[in-house]
Q: 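The structure is given below, and queries will be raised subsequently.
As a basis for the values below, the full set of heavy atoms in this structure was taken, side chains included, without hydrogen atoms, waters or symmetry mates. Note that this is a predicted model, so its numbers are computed, not measured.
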Amino acid sequence: MTMSLLKHRGQLGSVDFDLDTKRLFGKLMFIDDLVTYEASDLEGLEREFRISVDEYLADCEELGVAPNKPFKGSFNVRVGSELHKKVAHRAAETGVGLNDYVIKALEDSLNGGSVVHHEHKHTHVIKGSAIVDYDSPQPSTGEWKISSGSDWSSRKREIGSCH
């Protein structure tokens, strides 16, 4: 479900309705005060919202107070144990902490991207003791480039394509 929001001068307002009175109403969001508005149609609600925002911001300026509710920069998210485990594993696989991984995921989501991380690093034991690290296959050839430990220059990729 997508929630309809009104926006004006950096403020957000809700849009709700009362079926009994056939009225639209809303309130300014993310502020410490209670500022409401109402109307009988959407055009009127938008007008009342803008008036409410303008008056609220003028009152804040006159009183010398910040208009927006301060955010602490932290919040709790209940994700369930399985998702928590998956995210923790993915963060460890990518070499970052859980907090940094979640911050990146949120930033990517807000910037219109999707959270995709696909990287390969393989360690193979050759001839019982020599360890060879293979980086990701080269996109043009599908060959694994050896980064250390062997005189082989490449090894043909033997698995299906990665997506």
Side-chain angles (χ1 to χ4, degrees), residues 1-17 25-37 42 45-46 49-50 52-53 56-57 60-61 65-163:
M1 180 174 141
T2 302
M3 182 177 189
S4 297
L5 297 176
L6 299 172
K7 300 175 185 176
H8 178 61
R9 296 182 61 189
Q11 302 300 310
L12 295 178
S14 63
V15 176
D16 293 299
F17 56 90
F25 64 94
K27 67 178 184 175
L28 294 188
M29 301 171 66
F30 309 115
I31 64 172
D32 288 324
D33 301 299
L34 178 61
V35 177
T36 63
Y37 42 90
L42 186 55
L45 188 71
E46 289 175 315
F49 165 72
R50 286 190 300 274
S52 294
V53 167
Y56 172 69
L57 293 175
C60 287
E61 186 175 336
V65 298
N68 295 322
K69 179 183 231 174
F71 287 89
K72 297 184 306 181
S74 66
F75 59 95
N76 294 323
V77 179
R78 291 168 191 83
V79 297
S81 59
E82 253 332 281
L83 182 56
H84 188 175
K85 178 182 175 181
K86 288 178 183 177
V87 173
H89 284 202
R90 181 61 54 88
E93 289 167 0
T94 59
V96 298
L98 180 59
N99 195 60
D100 289 338
Y101 186 83
V102 171
I103 289 170
K104 177 77 167 102
L106 291 171
E107 288 171 344
D108 287 350
S109 176
L110 290 172
N111 291 327
S114 59
V115 180
V116 175
H117 183 82
H118 197 92
E119 182 178 310
H120 293 276
K121 182 83 172 176
H122 297 269
T123 301
H124 298 272
V125 177
I126 308 296
K127 295 185 181 180
S129 62
I131 297 176
V132 180
D133 293 325
Y134 293 92
D135 292 325
S136 298
Q138 301 302 303
S140 59
T141 64
E143 294 179 346
W144 294 92
K145 295 297 182 187
I146 298 172
S147 57
S148 66
S150 175
D151 20 319
W152 295 347
S153 61
S154 64
R155 177 179 173 222
K156 287 289 183 190
R157 189 167 159 202
E158 296 174 358
I159 61 172
S161 59
C162 298
H163 300 281

Q: Specify the closest pair of heavy atoms between Ile31 and Leu28, including all atoms of both residues, with the distance to one decimal.
A: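 Heavy-atom minimum between the residues: CD1-CB, 3.6 Å.
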Q: Using every non-hydrogen atom in the two residues, find where Met29 and Gly13 come nearest and quote the distance to one decimal.
A: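 Taking every non-hydrogen atom into account, SD-C, 4.0 Å.
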Q: So how far is it from Ile103 CD1 to Leu98 CG, rounded to the nearest 0.5 Å?
A: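 Nearest 0.5 Å value for the CD1-CG distance: 10.0 Å.
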Q: Evaluate the side-chain proximity of Val87 to Val79: yes if any heavy-atom separation is below 4.5 Å, no if none is.
A: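 Not touching, per the 4.5 Å side-chain cut-off.
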Q: Given side chains that start at C-beta, do those of Leu45 and Tyr37 come closer than 4.5 Å, heavy atoms only?
A: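 Counting from C-beta outward, Leu45 and Tyr37 do come under 4.5 Å.
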Q: Measuring from Lys7:NZ to Arg50:CZ, what's the distance to the nearest 0.5 Å?
A: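 Spacing of NZ (Lys7) from CZ (Arg50) equals 14.5 Å.
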Q: Are Asp100 and Lys104 ion-paired here, with the side-chain N under 4.0 Å from a carboxylate O?
A: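 Looking at Asp100 and Lys104, the cut-off is not met.
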Q: Nearest 0.5 Å please: distance from the CG atom of Leu42 over to the CD atom of Glu46.
A: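 Answer rounded to 0.5 Å: 4.5 Å.
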Q: Compare every heavy atom of Ala91 with every heavy atom of Tyr101, then report the nearest pair and how far apart it is.
A: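 Scanning both residues completely, I find the closest heavy atoms to be CB-CB, 3.7 Å.
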Q: If we ignore hydrogens and angles and just use 3.5 Å, is the side chain of Tyr56 paired with the main-chain N or O of Pro67 as donor and acceptor?
A: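 Here the side-chain-to-backbone pair exists.
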Q: Heavy atoms, side chains only, cut-off 4.5 Å: are Gln11 and Leu6 in contact?
A: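 No; the side chains remain at least 4.5 Å from each other.
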Q: Looking only at non-hydrogen atoms, find the nearest pair between His8 and Phe49 and report the distance.
A: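 Shortest heavy-atom contact: CB-CE2, 3.4 Å.
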